[in-house]
Amino acid sequence: MSPKYKPVALVDCNNFYVSCERVFNPALLNRPVLVLSNNDGCVVAASDEAKQLGIERGVPVFEIRDLIKKHGVEVWSSNYTLYGSMSHRVMSTLEEMVPEIERYSIDEAFCWLPGFDPAKLDKQAVKIRKTVGQYTGIPVSVGVSLTKTLAKVANRQAKKNPEFKDAGVCNLTTFSQPEIDQLLSEVKVSDIWGIGRRRAEFLQQHGVFTAYEFKEMPDRWLQKNLTITGLRTAWELRGIPCIKPEFSPPAKKSIITSRGFGRPIESLEELTEAVTAYVSRLAEKLRRQHSVASRMEIFIHTSHFARQGERYANAARLRLPQPTSYTPELVKHARRALELIYRPGFQYQKAGVMVMDLVPESARQLNLWGEGEGGPETIERNRQLMVAVDGLNMQMGQSTVRLGPVGTKQTWGMRREKLSNRYTTRWDELLEVS
DNA sequence: TCTGGGGTCCTAGGACCC
DNA sequence: TCTGGGGTCCTAGGACCC
């Protein structure tokens, strides 16, 4: 391979949520384990042992009750506080070893490796895997190549292909082009990063079944049928980088807080409680990245699986009088919007709030007419108040200080029946015997 | 009975302007 | 009575990711 491009390693934690649970509960090792989505609805992570039983990510729990019982599968609610802090440990470990890393998701990072010598890259990949394992207890797989998409392919080989699985490392820079082509002809199109279900179906209908066949398709055809993103993916598989590194994540352009309820709710009062709680969370996220929002959307809906006539979904979008991250101001507008779309007589299953058109706090332009929050002095006073509230909640635990209408009962809250302790963030829960 | 949450990017199509 | 063409901005919706 040409040394024109920088080698990149994709480091991906194996069955991340399950691995996090195992670090603090070794009894889960070598056993089938599942971690469930919010409300314990469906499977979001499965251990290898569970996958061998045929359990896949995404299946609803009620469909596999028998399987769980029969094989004594361990089932846990998701504990995002724990996973977030374990993710932080993994990423910090990587940052100490590699000069340039891109945190791609909670359990994955692209690491740009210095040097081009394939043999040395092998050694580095092995070292990354070993060090992360020692420091955090989380097993990872490492895939190395010259483009992100090929590093993804390599990573998958490191996880699944018996040839690489034991080492947990697959380094495509040691492969010749014919060897890479051979490998790609064994990769299904549906397993390519950037090809989802719809595109995989489309490609198969057009006789394209493997990653090799895909990358050999003409550019014009790719762009016409799969847009520019599909074309980029093909180029990346040909070894030409098209997807740039993002070393410092850009500020988010929109932020959502939404959640399904633990039980269906009907009254405007309870919906208002929920929406107020969500807006409070969302405003915290907004302030953490020092942004203010210009627009907001709130949505509510019944279950997608409700019968015809019992189904209702609606959303209201509004432009805020002036960009803000001040919780009471956001709550005020959200409640008004909710009243516009609320219809009595439905069993609501989920609500959410989204803010768009975010701008940096420092660049906020004051509305000429002085609508909304008011003048600069008020805004500054409100800002300081929020800093104080955020600080208290950070120290004392979430929702120590909150707005009245959030309610304290929250009987609609999430179901999380098998939640593990917050080992990494609460001393009192680290030692507790469960 | 029970089906997650949070993001991004791209395109098509409508409204509006000249 | 005839009824263009191109640009921009916005929104909705689709597709993808983990």
Side-chain angles (χ1 to χ4, degrees), chain A residues 10-17 34-45 55-66 68 75 77-80 83-84 87 102-110 148-149 152 155-156 189-203 222-233 242-244 246 249-264 278 281-282 285-286 289 294-295 297 299 301-307 313 315-319 347 349-358 414-417:
Chain A
L10 174 63
V11 180
D12 189 325
C13 302
N14 300 348
N15 315 322
F16 182 55
Y17 298 168
L34 303 179
V35 173
L36 307 185
S37 64
N38 283 338
N39 280 321
D40 296 342
C42 45
V43 175
V44 288
I55 300 175
E56 285 173 24
R57 196 190 131 85
V59 291
V61 180
F62 71 87
E63 282 180 9
I64 53 169
R65 286 257 184 258
D66 293 346
I68 290 172
V75 178
S77 303
S78 42
N79 184 343
Y80 287 102
Y83 311 149
S87 171
E102 171 185 340
R103 296 183 184 213
Y104 175 65
S105 73
I106 192 165
D107 71 333
E108 279 174 67
F110 289 103
K148 285 181 167 183
T149 308
K152 276 273 188 182
N155 189 281
R156 207 184 148 78
V189 276
S190 54
D191 289 336
I192 303 170
W193 186 46
I195 305 295
R197 220 189 60 218
R198 300 302 292 271
R199 286 184 178 173
E201 278 168 16
F202 174 85
L203 286 165
L222 289 165
Q223 168 140 25
K224 178 164 170 270
N225 293 294
L226 303 178
T227 81
I228 187 74
T229 51
L231 181 59
R232 275 202 281 261
T233 298
C242 299
I243 304 173
K244 289 203 166 52
E246 296 268 10
K252 297 207 183 342
K253 296 171 178 174
S254 64
I255 295 177
I256 300 181
T257 298
S258 72
R259 231 162 291 284
F261 307 125
R263 58 168 174 83
Y278 299 170
R281 290 279 302 129
L282 178 138
K285 296 183 199 170
L286 206 47
Q289 71 161 33
S294 315
R295 289 194 307 152
E297 172 178 314
F299 62 87
H301 60 76
T302 57
S303 167
H304 296 305
F305 305 97
R307 281 199 297 269
R317 292 183 172 201
L318 58 103
R319 183 165 289 281
Q347 300 281 317
Q349 182 261 331
K350 184 173 179 174
V353 195
M354 173 162 49
V355 282
M356 300 89 81
D357 294 4
L358 309 187
M414 268 193 285
R415 283 190 308 273
R416 297 205 285 181
E417 282 169 13

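Below, chains carry the letters A, B, ... as their sequence lines are ordered, and counting in each starts from 1. Since the model is a prediction, treat every value here as computed from it, not as a measurement.
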Please tabulate the protein-to-nucleotide N/O contacts below 3.5 Å involving nucleotides 6-10 of chain B, giving atom names and distances.
{"residue": "B:dG6", "atom": "OP1", "partner": "A:Arg259", "partner atom": "NH2", "Å": "3.4"}
{"residue": "B:dG6", "atom": "OP2", "partner": "A:Ser258", "partner atom": "N", "Å": "2.6"}
{"residue": "B:dG6", "atom": "OP2", "partner": "A:Ser258", "partner atom": "O", "Å": "2.8"}
{"residue": "B:dG6", "atom": "OP2", "partner": "A:Ser258", "partner atom": "OG", "Å": "2.8"}
{"residue": "B:dG7", "atom": "OP2", "partner": "A:Ile256", "partner atom": "N", "Å": "2.5"}
{"residue": "B:dG7", "atom": "OP2", "partner": "A:Ile256", "partner atom": "O", "Å": "3.4"}
{"residue": "B:dT8", "atom": "OP1", "partner": "A:Lys253", "partner atom": "N", "Å": "3.1"}
{"residue": "B:dT8", "atom": "OP2", "partner": "A:Ser254", "partner atom": "OG", "Å": "3.0"}
{"residue": "B:dC9", "atom": "OP2", "partner": "A:Lys253", "partner atom": "NZ", "Å": "3.0"}
{"residue": "B:dC10", "atom": "OP1", "partner": "A:Arg232", "partner atom": "NH2", "Å": "2.6"}

Look for any protein N or O under 3.5 Å of an N or O in nucleotides 1-3 of chain B and output each such pair with its distance, or none.
none

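A:Ile64 comes within 4.0 angstrom of no nucleic acid atom, judged by non-hydrogen atoms across all strands.
For the pair A:Glu297 (side chain) and A:Met354 (backbone), a donor-acceptor distance under 3.5 Å is absent. Of the possible donor and acceptor atoms, none in the side chain of A:Asn38 sits under 3.5 Å from a partner among the backbone N and O of A:Arg259.
The NZ atom of A:Lys148 sits 10.5 Å away from atom NZ of A:Lys244, with the distance rounded to the nearest 0.5 Å. Atom CG of A:Asp40 is separated from atom OG of A:Ser78 by 7.5 Å, given to the nearest 0.5 angstrom. The structure places CD1 of A:Ile192 at 13.0 Å from NZ of A:Lys152, a figure rounded to the nearest 0.5 Å. Between the CZ atom of A:Arg198 and the CG atom of A:Leu226 there is a distance of 12.5 Å, given to the nearest 0.5 Å. Between the OG atom of A:Ser37 and the CE atom of A:Met414 there is a distance of 10.0 Å, given to the nearest 0.5 Å.
In the displayed structure, A:Glu63 atom CD is contacted under 6.0 Å by more than 12 heavy atoms of other residues, nucleotides or ligands.
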Worked verdict on A:Met356 versus A:Lys253 for side chain to side chain contact (heavy atoms under 4.5 Å, CB included): CA-CA 6 Å; A:Met356 300 89 81; A:Lys253 296 171 178 174; over 6 Å; no

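Out of B:dG5, C:dC16, C:dC18, the shortest distance to the side chain of A:Lys350 is found at B:dG5. Comparing B:dG4, C:dC16, C:dT11 against the side chain of A:Arg198 picks out C:dC16 as the nearest.
In this structure, A:Asn79 places its CG atom 16 Å from P of B:dG5, rounding to the nearest Å. In this structure, CZ of A:Phe16 is placed 12 Å from C1' of C:dC18, rounded to the nearest angstrom. Summarising the geometry, the separation between NZ on A:Lys148 and C1' on C:dC18 is reported as 14 Å, rounded to the nearest angstrom. The CE-P distance, from A:Met354 to B:dG5, rounds to 14 Å in whole Å. As rounded to whole Å, 13 Å separates atom C1' of B:dG4 from atom CD1 of A:Ile106. Residue A:Arg57 contributes atom CZ, which lies 13 Å from atom P of B:dG5 at whole-angstrom precision. Taking atom CG on A:Asn225 and atom P on B:dA12, their separation rounds to 12 Å, with Å as the unit. Residue A:Asp107 contributes atom CG, which lies 14 Å from atom P of C:dC17 at whole-angstrom precision.
Below the 3.5 angstrom threshold, one finds no donor paired with an acceptor across the side chain of A:Arg199 and the base of C:dG14.
Using a 4.0 Å cut-off, some side-chain N or O of A:Arg295 falls inside it from OP1 or OP2 of C:dT11. Contact annotation: A:Lys152 side-chain N/O to C:dC18 OP1/OP2 distance is under 4.0 Å.
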Pair pattern of DNA chain B in dot-bracket, where unpaired bases get dots and | marks partners in another strand, Watson-Crick or G-U under 3.5 angstrom: ....||||||||||||||

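A:Asp357 has a carboxylate O that lies under 4.0 Å from a charged side-chain N of A:Arg295, or vice versa, which qualifies the two as a salt bridge.
Within the 4.5 Å cutoff, the side chain of A:Ile243 has no heavy atoms near those of the A:Phe110 side chain. Under the 4.5 Å side-chain criterion, counting only non-hydrogen atoms from C-beta, A:Val61 is not in contact with A:Val75.
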